[in-house]
Structure formats: structure tokens, C-alpha cells
Amino acid sequence: MSAVAVEGVWKFYGDFPALRDVCLTAEQGACLALIGRNGAGKTTLLRTIAGFSRHGKGEIRILGTSPRETETRRHIGFIGHGISVYDELSALENLTLYARLYGLANPRKAALEWLERTGLERVRDGLVREFSRGMRQRLAVARAFLHEPSVLLLDEPFTALDDRAIAVLQGLLRDGLAQGRTIILSTHQLREALELASHVALLIRGQVAFHGPCTPEMVADPGLVYARYGED
Ligand code: ATP
């Protein structure tokens with residue numbers, strides 16, 4: 001059983017097909033880099049896989065079950081564009097709150113651990129509304145990892161991070177993969193993603209134009225997939 005299986009999925013906004021017959025799989029411990037130009041459908045696909053967005057025809061399975069089931073949701077970690085943390089709470093309060101919602105045994109301990117792992121322990125009591133974009137993104141990373149999900153769905157996770165924070169996130173993702181987590185991430189930062197990816201999928205206008213293993217050639221020349229399978 002694949003950790004993530006997308007079979008023949010269509011998604012319409014009105015009569016515009018944002019996803020057209022998408023088929024993708026990610027096995028346990030795999031890291032799939034989802035690439036494609038602006039508007040190709042990456043965000044739509046990740047939100048659909050995460051169960052936030054309803055789709056038309058087709059089927060999505062996470063660990064064999066629908067992502068819309070409550071039990072499945074506990075196994076998913078998500079980073080999206082609108083970072084879902086509360087502005088009026090501190091970093092520590094945010095993570096403790098989410099740890100409680102996930103039913104973790106020791107919410108404060110988990111929150112403190114992830115503040116440390118994302119380099120936010122110094123500002124743990126600061127209100128999120130005063131955070132820079134980079135700090136918010138670190139907090140979003142901490143939130144996504146907090147409940148140790150089996151599947152991480154990450155939309156542009158490197159956005160707004162400086163080089164040090166990118167290296168920290170790459171380290172966390174590497175550790176996660178070594179522990180058998182499955183990662184699907186969308187990105188414009190090809191180099192950072194391909195260094196981690198075991199597989200690559202290229203979306204063009206809502207369709208999968210390429211899906212296959214990430215080769216050393218692709219890592220050496222991140223533009224290769226576009227050059228070979230893209231439109232121009
Ligand atoms: P980006 O890299 O810019 O985030 P993307 O690959 O993530 O792009 P999506 O945001 O998934 O692409 O958008 C795919 C297509 O669906 C685009 O043509 C977009 O205009 C359209 N679209 C996305 N969200 C909506 C919406 N809520 N209503 C109508 N059309 C939408």
C-alpha cells in the first residue's frame with residue numbers, strides 16, 4: 001500500500017479544471033518534489049490530498065484511508081500559504097494549543113521541543129503578530145511536525161526562510177525521511193528540494209507531465225525536468 005495514492009483526480013473551480021486526471025503515488029519514506037510553473041495546480045493538489053478541498057472524480061488515499069476522515073488527519077502534517085497560527089498568542093501558546101488538539105500526552109513538552117528544533121526557543125513568549133515572515137514560517141514548520149505525522153504535505157516550505165533556516169528545515173525533513181515519514185513538497189526552489197527528493201512530479205496546467213525517480217542528473221541540473229518535459 002502506498003503512503004499516498006492519488007488516482008484519476010479531477011478538481012474544478014466553476015468550469016475551470018485545475019486538476020485533470022491526476023495520478024500520483026508516494027511510498028512510505030519517499031520524498032516527492034512537486035514542481036510546475038505558477039498556476040500549474042500544485043497548491044490545489046496539496047490541499048486536495050490533505051483533504052481541505054473537495055475534488056470531483058477520482059480517489060485519494062492516505063495510508064489506505066480517506067484524508068477527510070478524522071483519524072487520517074492525525075497522520076498528516078501540513079504547511080500551506082496561509083500559515084495557520086494565531087497572531088494573538090505566543091509561539092509557545094500556539095504550539096501547546098495544537099499539541100492539545102492533537103491529543104498529545106505532554107503538550108507543553110512537545111511544544112518546547114519543536115520550538116527548540118526550529119530555533120524559536122528565544123522568542124517562545126513573543127506574540128506571533130510581532131514575528132517576521134521567516135519566524136512565522138519556522139513556527140509553521142514546528143506546527144506541521146509537532147504531532148509526528150506519517151505524511152507531511154508542504155506547500156512552498158522554504159518560502160521566507162533564510163539560508164540557515166533552510167538548512168534547518170532540510171535537516172528536519174531528512175530526519176523525518178530516515179524515520180520513515182513520507183513527504184510531498186511543492187516548490188520553486190528546485191535545488192533545495194531536489195537535494196532531498198527521491199521522486200519528482202511535474203504539473204502542467206493541472207496535468208502530470210512527468211512522474212518518476214529523482215536522478216543524479218536532475219540534482220546536478222535542477223532545470224532538466226522542465227527542459228525535458230516542460231512546454232518551452
Ligand atoms: P502557485 O505556484 O502560483 O501557487 P500553483 O501551481 O500552486 O501556483 P494553484 O494555486 O493550485 O497553482 O492554481 C491552479 C489554477 O487554479 C490556477 O489557474 C488558479 O488561477 C486556479 N485557482 C486556484 N484557486 C482557485 C479558486 N479558489 N477559484 C478559482 N480558481 C482558482
Side-chain angles (χ1 to χ4, degrees), residues 4-26 30-62 66-68 73 76-85 133-134 136-141 143-144 151-162 165-166 169-170 173 182-197 199-212 214 218 222-232:
V4 179
V6 178
E7 287 167 27
V9 165
W10 289 76
K11 163 87 189 168
F12 285 88
Y13 292 114
D15 51 15
F16 173 75
L19 297 178
R20 297 188 285 158
D21 198 21
V22 170
C23 295
L24 281 179
T25 53
C31 177
L32 173 66
L34 196 58
I35 65 174
R37 304 211 184 281
N38 289 335
K42 304 178 297 296
T43 297
T44 302
L45 179 56
L46 282 171
R47 290 186 58 83
T48 308
I49 295 174
F52 296 143
S53 182
R54 279 180 189 280
H55 58 89
K57 257 193 295 181
E59 198 176 8
I60 294 174
R61 297 263 149 206
I62 293 201
S66 162
R68 299 186 72 87
R73 309 190 68 79
I76 301 175
F78 187 83
I79 298 180
H81 284 311
I83 300 169
S84 35
V85 285
R133 273 188 75 206
R136 282 166 174 267
Q137 187 69 1
R138 285 174 186 244
L139 188 59
V141 170
R143 207 213 97 170
V151 174
L152 285 152
L153 303 171
L154 314 175
D155 195 6
E156 298 283 352
F158 299 112
T159 297
L161 295 181
D162 59 31
I166 288 177
L169 176 55
Q170 283 180 315
L173 295 174
T182 307
I183 299 172
I184 302 183
L185 60 90
S186 79
T187 188
H188 286 109
Q189 275 140 300
L190 287 183
R191 192 168 296 281
E192 285 78 4
L194 294 184
E195 283 171 12
L196 283 169
H199 293 77
V200 180
L202 170 66
L203 276 186
I204 298 181
R205 289 193 304 273
Q207 275 184 317
V208 178
F210 170 79
H211 179 212
C214 179
M218 293 175 190
L224 195 70
V225 185
Y226 281 105
R228 206 174 270 172
Y229 305 98
E231 297 167 295
D232 31 86

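Order of listing sets the numbers, starting from 1, for every ligand and every atom in it. These figures come from a predicted structure and were not determined experimentally.
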Phe158 six-ring centre to Arg191 NZ/CZ under 6.0 Å and within 45° of normal: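 Output no; distance or angle outside limits.
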Interatomic spacing from CD in Gln170 to CG in Leu161 - rounded to 0.5 Å: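 Output value for this atom pair is 10.0 Å.
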From CD (Gln137) to CD1 (Ile79), nearest 0.5 Å: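 Atom-to-atom, Gln137:CD and Ile79:CD1 are 5.5 Å apart.
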Residues in contact with ligand 1, criterion: heavy atom under 4.0 Å: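 Tyr13, Phe16, Ala18, Arg37, Asn38, Gly39, Ala40, Gly41, Lys42, Thr43, Thr44, His81, His188.
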Residue pair Glu192 / Leu169, side-chain heavy-atom distance below 4.5 Å: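 No. Closest side-chain heavy atoms not under 4.5 Å.
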Side chains of His81 and Glu156, donor plus acceptor under 3.5 Å: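 Side-chain D/A pair, His81 to Glu156: absent.
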For Leu24, all residues meeting side-chain contact (heavy atoms from CB on, under 4.5 Å), sequence neighbours excluded: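 side-chain contact (heavy atoms from CB on, under 4.5 Å) check on Leu24 returns Val6, Val22, Leu32, Leu34, Leu45, Ala201, Val208, His211.
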